[in-house]
There are 2 protein chains.
Amino acid sequence: MAEKISGAVITRLPRYYRYLGELLEEGIDRISSRELSGRMKVTASQIRQDLNNFGGFGQQGYGYNVANLYDEIGKILGIGLTQNMIVIGAGHLGQAIANYTNYGKRGFVIKALFDINPDLAGYSVNSAPVYPLSKLEDYLKENDVKIAAICIPKTHSGEVAKRLTAAGIKAIWNFSHLDLDVPDDVIVENVHLSESLMKLSYKLNYESEKK
Amino acid sequence: MAEKISGAVITRLPRYYRYLGELLEEGIDRISSRELSGRMKVTASQIRQDLNNFGGFGQQGYGYNVANLYDEIGKILGIGLTQNMIVIGAGHLGQAIANYTNYGKRGFVIKALFDINPDLAGYSVNSAPVYPLSKLEDYLKENDVKIAAICIPKTHSGEVAKRLTAAGIKAIWNFSHLDLDVPDDVIVENVHLSESLMKLSYKLNYESEKK
DNA sequence: TCCATATTGTTAAAAATTTTACAAAAATTA
DNA sequence: TAATTTTTGTAAAATTTTTAACAATATGGA
Ligand SMILES: NC(=O)c1ccc[n+]([C@@H]2O[C@H](COP(=O)([O-])OP(=O)(O)OC[C@H]3O[C@@H](n4cnc5c(N)ncnc54)[C@H](O)[C@@H]3O)[C@@H](O)[C@H]2O)c1
Ligand SMILES: NC(=O)c1ccc[n+]([C@@H]2O[C@H](COP(=O)([O-])OP(=O)(O)OC[C@H]3O[C@@H](n4cnc5c(N)ncnc54)[C@H](O)[C@@H]3O)[C@@H](O)[C@H]2O)c1
């Protein structure tokens with residue numbers, strides 16, 4: 001990969017991966033960009049253009065081998081690497097994430113949760129223990145974890161993000177309503193649910209009648 | 001508003017709204033696009049361009065009045081309208097959403113949850129009752145609800161989406177891993193958490209070292 | 001009141017993204 | 001085996017989005 005891949009392309013990759021997974025389940029072993037285009041409601045051209053950022057996975061006159069393309073995109077996305085995670089905040093959202101078993105199937109393993117509330121320490125969620133936040137640095141010294149999900153109020157998330165990156169965390173999945181300020185080599189992926197709901201509200205009130 | 005506003009602009013609006021809310025809390029009553037640009041890490045030009053899709057809210061030589069701009073963007077986003085919602089699936093995610101009180105502050109009121117599991121019926125989450133799914137149509141006949149959040153597995157979400165739109169729901173906040181097929185006048189806003197995590201994984205494995 | 005400064009709204013340019021078009025190559029059919 | 005069909009990979013065109021530039025206008029101080 002010579003040049004930097006655009007964000008728009010990366011955002012679409014997991015969706016390709018999902019559709020290829022569905023095709024596999026349906027027992028379909030080859031697909032053309034045109035057929036996939038019909039299912040995914042994107043242009044065939046965009047599919048070919050996107051995939052060719054990473055290599056020529058198809059074959060003229062044949063199309064793409066589903067299993068092969070699924071694997072290749074999986075590799076690009078780092079699926080199957082076994083990537084350990086921790087979750088900060090064992091409240092509703094933190095527990096929902098820790099309980100969701102599909103992440104594990106993709107290699108994302110939640111090893112522990114951390115909460116400031118001492119009453120939660122000692123519990124475990126989906127066999128991942130909940131530790132007091134004070135144990136964070138010790139834990140990260142002893143365990144190979146690069147990804148942390150932040151599921152605590154914005155009043156605390158800035159401070160916690162600082163501690164996480166200081167302790168070696170390289171990627172933050174951020175559910176709090178704050179744009180985290182992290183070192184250059186740390187990835188932040190935001191999930192701002194309230195903003196998603198406002199977008200829905202905008203569309204509901206201004207766009208739906210026009211269609 | 002003559003022309004259709006681009007999706008990219010709409011996606012940025014809630015973020016402007018969030019920053020303006022923070023400015024209000026800090027007691028700052030005016031701000032220029034350049035100052036806001038510094039805080040938000042976007043270009044001043046983009047801020048002015050975005051806002052001017054909706055009207056000239058600023059004043060030369062002065063900038064923008066924070067309270068006024070906050071209100072205007074709020075109106076654009078439909079905040080303060082009191083929009084009733086229901087949540088389908090009273091599992092971990094559905095409960096996390098129903099318990100989160102900040103939506104209510106913005107006018108998004110969760111009135112009820114529905115679950116296929118009869119054991120959950122009778123419980124309530126944050127004072128919203130959980131009903132059996134079989135009561136869905138009756139409930140929507142008697143209550144003015146346009147927005148539904150879908151927090152159930154993809155195996156059921158297609159079918160439920162059909163029932164929802166048949167019963168008059170106009171916007172779906174979709175947390176399931178399925179691209180819903182809905183009538184043209186129905187809005188779907190997807191929150192695909194797994195895809196967000198895969199994107200993080202991609203960036204962690206291919207981009208972080210390069211920065 | 002006048003002048004220097006600040007800052008918007010908007011037009012134009014640049015950059016990025018998406019779509020179109022098609023030659024090259026493989027698969028399928030006759 | 002040869003001809004026809006399918007379909008990719010990619011170059012070029014079109015479109016969309018972002019950034020830059022600046023005239024118009026308001027502010028605030030002298
Ligand atoms: N639930 C949602 O729908 C939703 C929507 C949008 C954003 N969020 C964000 O996610 C956060 C968590 O949501 P939730 O529904 O799980 O809230 P919650 O109140 O159920 O859980 C928050 C948990 O974080 C813990 N906590 C607080 N400060 C901490 C700290 N410094 N370190 C470790 N743990 C700490 C609390 O003890 C609590 O257990 C919210 O504050 C918000 O920022 C949630
Ligand atoms: N929790 C996460 O982190 C996460 C991540 C990505 C996607 N999701 C999506 O959200 C869904 C819900 O996640 P969760 O963690 O809350 O799972 P969960 O198992 O805790 O809850 C699912 C709930 O949905 C109910 N349900 C099932 N079919 C139903 C139907 N037809 N109608 C009404 N209720 C029904 C179940 O009884 C259960 O209470 C997942 O299946 C998945 O599609 C969740």
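The figures that follow rest on heavy atoms only: side chains count, while hydrogens, waters and symmetry mates do not.
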Scan nucleotides 3-7 of chain C against the protein and return all N/O pairs shorter than 3.5 Å with their distances rounded to 0.1 Å.
{"residue": "dT7(C)", "atom": "O4'", "partner": "G61(B)", "partner atom": "N", "Å": "3.0"}
{"residue": "dT7(C)", "atom": "O2", "partner": "G61(B)", "partner atom": "N", "Å": "3.4"}

Inset, instruction - Shoot me the first and last contacting nucleotide of DNA chain D against chain B, ordered 5' to 3', at under 4.0 angstrom to non-hydrogen atoms. - result: dT17(D) to dG28(D)
Please list all pairs meeting side-chain hydrogen bond (donor to acceptor under 3.5 Å, both in side chains) that have one or both residues in [range], counting only residues at least two apart or in different chains.
| range | result |
| --- | --- |
| residues 31-42 of chain A | E26(A)-R39(A), S33(A)-R48(A) |
| residues 147-167 of chain B | E137(B)-R163(B), S157(B)-S176(B) |
| residues 57-70 of chain A | Y17(A)-Y70(A) |

Inset, instruction - Could you list the residues that satisfy salt bridge (Lys or Arg N to Asp or Glu O under 4.0 Å) with E189(A), not counting sequence neighbours? - result: K199(B), K203(B)
Inset, instruction - Tell me, yes or no, whether the heavy-atom count around N52(B) atom CG, taken from other residues, nucleotides or ligands under 6.0 Å, exceeds 12. - result: yes
Inset, instruction - Look at atom CG of N102(A) and say whether more than 12 heavy atoms of other residues, nucleotides or ligands are closer to it than 6.0 Å. - result: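 Enclosed: over 12 neighbouring heavy atoms sit under 6.0 Å from CG of N102(A).
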Atom-to-atom span, [atom1] of [X] to [atom2] of [N] - whole angstrom:
| X | N | atom1 | atom2 | answer |
| --- | --- | --- | --- | --- |
| F54(B) | dG9(C) | CZ | P | 14 Å |
| F57(B) | dG9(C) | CZ | C1' | 13 Å |
| L51(B) | dG9(C) | CG | P | 8 Å |

Legend entry - Upstream residue (5' side of DNA chain C) when D50(A) and N52(B) are each assigned their closest nucleotide: N52(B)
Inset, instruction - Would you mind listing every salt bridge (Lys or Arg N to Asp or Glu O under 4.0 Å) that reaches into residues 49-67 of chain B, with sequence neighbours excluded? - result: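 Those involving residues 49-67 of chain B are R12(B)-D50(B).
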Inset, instruction - Provide the full list of salt bridge (Lys or Arg N to Asp or Glu O under 4.0 Å) pairs with a residue in residues 95-115 of chain B, sequence neighbours left out, each pair given once. - result: none
Inset, instruction - Apply the test ring-ring contact (aromatic ring centres under 6.0 Å, His included) to residues W173(B) and Y103(B): give CA-CA distance (whole Å), side-chain angles for both, the deciding distance (0.1 Å), then the verdict. - result: CA-CA 13 Å; W173(B) 200 20; Y103(B) 300 135; 5.7 Å; yes
Inset, instruction - List in chain and number order the residues that pass side chain to side chain contact (heavy atoms under 4.5 Å, CB included) with A98(A), two or more places apart in sequence or in another chain; answer none if no residue qualifies. - result: I110(A), L113(A), V125(A)
Inset, instruction - Could you check which residues of residues 36-47 of chain B get a heavy atom under 4.0 Å from DNA chain D? Sort them by number, please. - result: T43(B), S45(B), Q46(B)
Inset, instruction - May I ask you to list the residues of residues 8-21 of chain A, by number, that have any heavy atom positioned under 4.0 Å from an atom of DNA chain D? - result: none
Legend entry - Donor-acceptor under 3.5 Å (E72(A) side chain, G55(A) main chain): no
Inset, instruction - List in chain and number order the residues that pass side chain to side chain donor-acceptor pair (under 3.5 Å) with H92(A), two or more places apart in sequence or in another chain; answer none if no residue qualifies. - result: N99(B)
Legend entry - Candidates V160(A), L136(A), L140(A) - the one meeting side chain to side chain contact (heavy atoms under 4.5 Å, CB included) with F114(A): L136(A)
